[in-house]
2 protein chains.
Amino acid sequence: MTRSAHTRADATDLVATTLLTRASRLTRLLMRSGDRELSRTEAGLLSTLLDRPRRITELAATEALAQPTVTQLVDKLERRGLVVRERSGTDGRVVLVSISPSGRERLDAVRAQLRAQMREAVRELGDDELAELAAASETLGRLIEALQQRVNA
Amino acid sequence: MTRSAHTRADATDLVATTLLTRASRLTRLLMRSGDRELSRTEAGLLSTLLDRPRRITELAATEALAQPTVTQLVDKLERRGLVVRERSGTDGRVVLVSISPSGRERLDAVRAQLRAQMREAVRELGDDELAELAAASETLGRLIEALQQRVNA
DNA sequence: GGTGGGTATATAGGTTTCCTATATGACCCG
DNA sequence: CGGGTCATATAGGAAACCTATATACCCACC
């Protein structure tokens with residue numbers, strides 16, 4: 001419904017040149033409003049753990065972070081009591097990270113805060129635009145998976 | 001067209017809980033592949049300057065960065081010859097930053113690289129999904145403006 | 001049953017990207 | 001022409017990453 005051309009090439013160009021930039025602007029704008037309880041990466045990691053416990057390397061792959069970065073992140077979250085580290089019974093090298101009850105609480109609180117901010121922000125958007133954003137969020141998930149598979153190959 | 005609920009509340013929640021996280025994952029994935037010529041923030045700033053020259057404070061507002069951060073960024077870009085600093089004739093306090101010819105070149109090169117990566121990544125997406133992403137990129141722009149106005153008020 | 005190559009995590013150390021607080025200098029108004 | 005305000009610059013530091021490497025465990029094979 002916009003005037004932008006809808007050929008694949010044009011759409012790809014638009015996404016390549018604007019999506020990343022705008023996403024990071026949006027992040028700075030939202031983070032600026034004193035959330036502070038969880039960084040966006042910490043929130044992402046805890047969200048992934050909601051599903052089920054994961055190994056450090058699994059987390060590194062899905063979050064697109066280097067393995068030592070995840071170790072550090074888990075250190076910090078563990079010190080705050082938000083995640084639990086357990087060694088696997090079957091393989092002594094493996095660490096299984098799971099979210100703790102208070103981790104769930106904290107994540108919920110941060111999400112509620114974000115939701116409130118987002119509710120304010122989307123007030124000016126039409127229903128169709130908002131639905132578009134929601135759909136795009138899901139599509140982004142698929143795009144990320146496609147990229148991750150390409151990296152592993 | 002997806003199975004996700006389309007009430008405003010649900011869409012808002014989905015966007016709030018997934019968009020930021022996924023966007024930053026995507027950024028890490030794309031930046032990992034050795035772009036290095038320009039950081040995403042530098043690219044964003046140069047893109048803004050394509051339009052017309054801007055003051056430091058203007059740039060800080062549109063890029064959602066603190067003013068000293070923009071001064072630093074412009075320092076670095078100026079040393080590399082990608083932007084030009086000029087003092088305004090009418091007001092001795094203001095600095096007008098504009099993009100240089102070689103800044104345009106550099107930005108084009110980086111964008112071409114990003115386009116190529118993106119072309120690969122979106123290969124697995126359907127036409128409608130890609131169009132959705134493109135539309136969402138534009139909607140994000142509007143969302144950001146809404147947030148910025150709220151900040152200024 | 002111990003040695004060696006591969007795998008999972010941890011540690012060390014450094015870089016980049018941002019921030020806050022404050023200094024400097026130019027404008028403007030009484 | 002002094003005092004407040006506005007635009008930029010400087011100083012210093014924090015956060016979120018990274019690479020390179022160490023440690024500890026698994027497993028297969030002789």
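Per chain, numbering begins at 1; letters A, B, ... match sequence-line order.
The line from CD of A:E145 to OG1 of A:T62 is 10.5 Å long, rounded to the nearest 0.5 Å. Atom OG in B:S100 sits 8.0 Å away from atom CG in B:L46 (nearest 0.5 Å).
Counting to the nearest Å, the C1' atom of D:dC17 and the CG atom of A:L73 are 9 Å from each other. B:E78 places its CD atom 14 Å from the P atom of D:dT8, with the value rounded to the nearest Å. Rounded to whole angstrom, the span from the CG atom of B:L65 across to the C1' atom of D:dT8 amounts to 15 Å. Remark: P of D:dA7 and CG of B:L59 are 14 Å apart, rounded to the nearest angstrom. Straight-line distance from the CD atom of B:E58 to the P atom of D:dC6: 17 Å, rounded to whole Å. Residue B:D75 contributes atom CG, which lies 11 Å from atom P of D:dA11 at whole-angstrom precision.
Summary of the strand contacts: A:Q67 and A:D91 both lie near DNA chain D, and taking for each the nucleotide with the nearest heavy atom, the more 5' one is attributed to A:Q67. Between A:L96 and B:K76, the residue anchored closer to the 5' end of DNA chain C is A:L96, taking for each the nucleotide with the nearest heavy atom. Residues A:R55 and A:R28 each lie close to DNA chain C; by heavy-atom proximity, the contact nearer the 5' end of the strand is made by A:R55. Comparing A:G92 and A:E42 by the nucleotide of DNA chain D whose heavy atom lies nearest to each, the residue mapping closer to the 5' end is A:E42.
Counting non-hydrogen atoms under 4.0 angstrom, B:R40 reaches nothing in the nucleic acid.
Using a 4.0 Å cut-off, some side-chain N or O of A:S39 falls inside it from OP1 or OP2 of D:dA16. Note on A:T69: a side-chain N or O is less than 4.0 Å away from OP1 or OP2 of D:dC18.
Evaluation of atom-type donor-acceptor distances gives no pair under 3.5 Å for the side chain of A:R93 against the base of D:dC26.
The side-chain heavy atoms of A:I99 and A:L82, taken from C-beta on, include no pair separated by under 4.5 Å.
When DNA chain C is scanned in the 5' to 3' direction for atoms under 4.0 Å from non-hydrogen atoms of chain B, the outermost contacting nucleotides are C:dT17 to C:dC27.
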task: Check the pair B:R111, B:E37 against salt bridge (Lys or Arg N to Asp or Glu O under 4.0 Å), reporting the backbone distance first and the verdict last.
output: CA-CA 11 Å; B:R111 281 183 167 182; B:E37 296 238 324; over 6 Å; no
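Using a cut-off of 4.0 Å between Lys/Arg side-chain N and Asp/Glu carboxylate O, B:E138 and A:R22 are scored as not salt-bridged. Between A:E120 and A:R115 there is no salt bridge, since no side-chain nitrogen of the basic residue lies less than 4.0 Å from a carboxylate oxygen of the acidic one.
Side-chain proximity of A:Q72 to the nucleotides D:dT8, D:dA11, D:dC18 is greatest for D:dC18. The side chain of B:V95 lies closest to D:dA9, out of D:dA9, D:dA16, D:dT19.
Formation of a donor-acceptor pair under 3.5 Å by the B:R87 side chain with backbone atoms of B:R93 is found in this model.
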